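Only one structure is covered here, and it is reproduced in the block below.
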Amino acid sequence: NNVAMNDLANIYDYKTEFENIKKAIKLYEKVIELCEMEKSLISPYDQYANLANQYAVAMTNLAILYDQEFENIEKAIKLYEKVIELSENNPGISVFRKETLIIAMNNLALLYDSNSEFKNIEKAIELYKKAIEFENNNIILINNLARLYDDSKEIYPEFIEKAIELYEKTIELGEYSYNISRLANLYYKYNYNKYEKIYNIALEKDLVNKYKLKKPLKNLVKVYGTLDDNCSVCYEQLIGAFSEIRILICGHLFHKECCK
């Protein structure tokens, strides 16, 4: 039956040999074929949640194989989209696995985010947001959306605050290892008043040296109030360069490199 074939396909899937992966693909395709045949015979579909779940699991697992093992992005996208469409068209399916839908949305968003041929930032953002609605404290989803905002900020400056807000949430949820560096960089460049706080968190977690975070410029902020000024030599923003800053008695500010 569908369940047994899905389970067997999973076993082949986890065995990384190429022949086993091909067997897994054939089994997933067979499950999908049978589910589609049964779907045409039963109505309304939301009364048959188990069938819908097997259908979604098989399509998601097959999409992952196409994406990661065979780099057939177009097929993977179509399968992920069918899983999402299945959920949207059948909201009454009570046991439709939330985890399966989240995986499909996250993986599809990653493809739209990172694959140059199919890149679509707007779709990626929409998918991440939908997935977060199902699990609003899912660190992976929040981190992926934050990273997308962060990486796209040069094109869309309005994404800066969105990235900061989401990185802050991941820190609140206990994710320090990577986001603390990204959040520190954003604070350092765009919201320096918060930089000292994140620096102290990094210090507490022994991450300052790992990410080469600069010591907070307490005296500079106290005396001059803002670091939004430009270097008196190169005229670039002081904080944006993420380098040490020198202060002359006259009050002019320089990047350390510009004083050489």
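As the structure is a prediction and not an experimental result, all values here were calculated from the model.
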Before giving the answer on side chain to side chain contact (heavy atoms under 4.5 Å, CB included), spell out for Ile102 and Glu99 the whole-Å C-alpha distance, their side-chain angles and the decisive distance to 0.1 Å.
CA-CA 5 Å; Ile102 288 174; Glu99 296 84 357; 5.8 Å; no
Determine whether Tyr199 and Lys214 satisfy the following criterion, side chain to side chain contact (heavy atoms under 4.5 Å, CB included), listing intermediate values before the conclusion.
CA-CA 8 Å; Tyr199 178 89; Lys214 300 289 185 182; over 6 Å; no
Does the pair Lys194 and Glu168 meet the rule for a side chain to side chain contact (heavy atoms under 4.5 Å, CB included), with working shown?
CA-CA 11 Å; Lys194 290 187 176 182; Glu168 287 175 339; 3.3 Å; yes
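For the pair Tyr167/Ile142, no side-chain contact is recorded, criterion being any heavy-atom separation below 4.5 Å from C-beta on. With contacts defined as side-chain heavy-atom distances shorter than 4.5 Å, the pair Tyr80/Glu85 does not qualify. Side-chain contact between Glu81 and Leu108 is present, with heavy atoms from C-beta onward closer than 4.5 Å. No side-chain heavy atom of Tyr187 sits under 4.5 Å from any side-chain heavy atom of Lys197. Two residues are said to be in side-chain contact when any heavy atoms from C-beta on lie closer than 4.5 Å; Leu141 and Leu145 fail this criterion. Here the side chains of Ile121 and Tyr112 are not in contact, with every heavy-atom distance at 4.5 Å or above. A 4.5 Å side-chain heavy-atom check between Thr60 and Leu79 finds every atom pair outside the cut-off. Looking only at side-chain heavy atoms (C-beta outward), Asn138 and Ile132 stay at 4.5 Å or farther from each other.
Here OG of Ser87 is found 11.0 Å from CG of Asn53. Values are rounded to the nearest 0.5 Å. To the nearest 0.5 Å, atoms CE (Met59) and CD1 (Ile84) are separated by 10.0 Å. Taken to the nearest 0.5 Å, the CD1 atom of Ile171 stands 6.0 Å off from the CG atom of Leu183. We find the CD-CG distance between Glu161 and Asn191 to be 6.5 Å, quoted to the nearest 0.5 Å. In this structure, OH in Tyr128 is found 5.5 Å from CG in Asn106, a value given to the nearest 0.5 Å. Lys162 NZ to Leu148 CG: the interatomic distance, rounded to the nearest 0.5 Å, is 11.5 Å.
Within 6.0 Å of CG in Asn209 there are 12 or fewer heavy atoms belonging to other residues, nucleotides or ligands. Other residues, nucleotides and ligands contribute only 12 or fewer heavy atoms inside 6.0 Å of the CD1 atom of Ile140. A 6.0 Å sphere centred on NZ of Lys26 holds no more than 12 heavy atoms belonging to other residues, nucleotides or ligands. The number of heavy-atom neighbours closer than 6.0 Å to CD of Glu135, taken from other residues, nucleotides and ligands shown, is above 12.
In terms of heavy atoms, Val31 sits closest to Gln54 at CG1-O, 4.1 Å. Leu110 and Asn144 get closest at one heavy-atom pair: CD2-ND2, 4.1 Å. Closest approach of Ala163 and Ala146 over heavy atoms only: CB-O, 3.8 Å. Taking every heavy atom of both residues into account, Leu213 and Ala202 meet most closely at CD1-CB, 3.6 Å. When all heavy atoms of Met105 and Leu127 are compared, the closest pair comes out as O-CB, 3.8 Å. Contact record, Leu111 with Ala76: CD1-CB, 4.3 Å, taken as the closest heavy-atom pair.
Ion pairing between a basic and an acidic side chain is recognised when a charged N comes within 4.0 Å of a carboxylate O; Lys153 and Asp150 show such pairing. One finds no salt bridge joining Lys123 and Asp113 here, because no Lys/Arg side-chain nitrogen approaches an Asp/Glu carboxylate oxygen to under 4.0 Å. The pair Lys130-Glu126 meets the salt-bridge criterion, since a charged nitrogen lies less than 4.0 angstrom from a carboxylate oxygen.
Counted by atom type alone, Tyr149 and Glu158 present zero donor-acceptor pairs between their side chains at under 3.5 Å. When only modelled atom types and interatomic distance are considered, Asn107 and Asp67 share no side-chain donor-acceptor pair under 3.5 Å. A donor atom on one side chain and an acceptor atom on the other are not found under 3.5 Å apart for Thr170 and Asn143.
Residues that satisfy the side-chain hydrogen bond (donor to acceptor under 3.5 Å, both in side chains) test with Lys75, not counting sequence neighbours, are absent from this structure. Legend: residues meeting salt bridge (charged side-chain N to carboxylate O under 4.0 Å, His left out) with Lys82, ordered by chain and number and at least two apart, are Glu36.
Using cut-offs of 30° and 60° on the angle between ring planes, the pair Tyr192 and Tyr195 is parallel.
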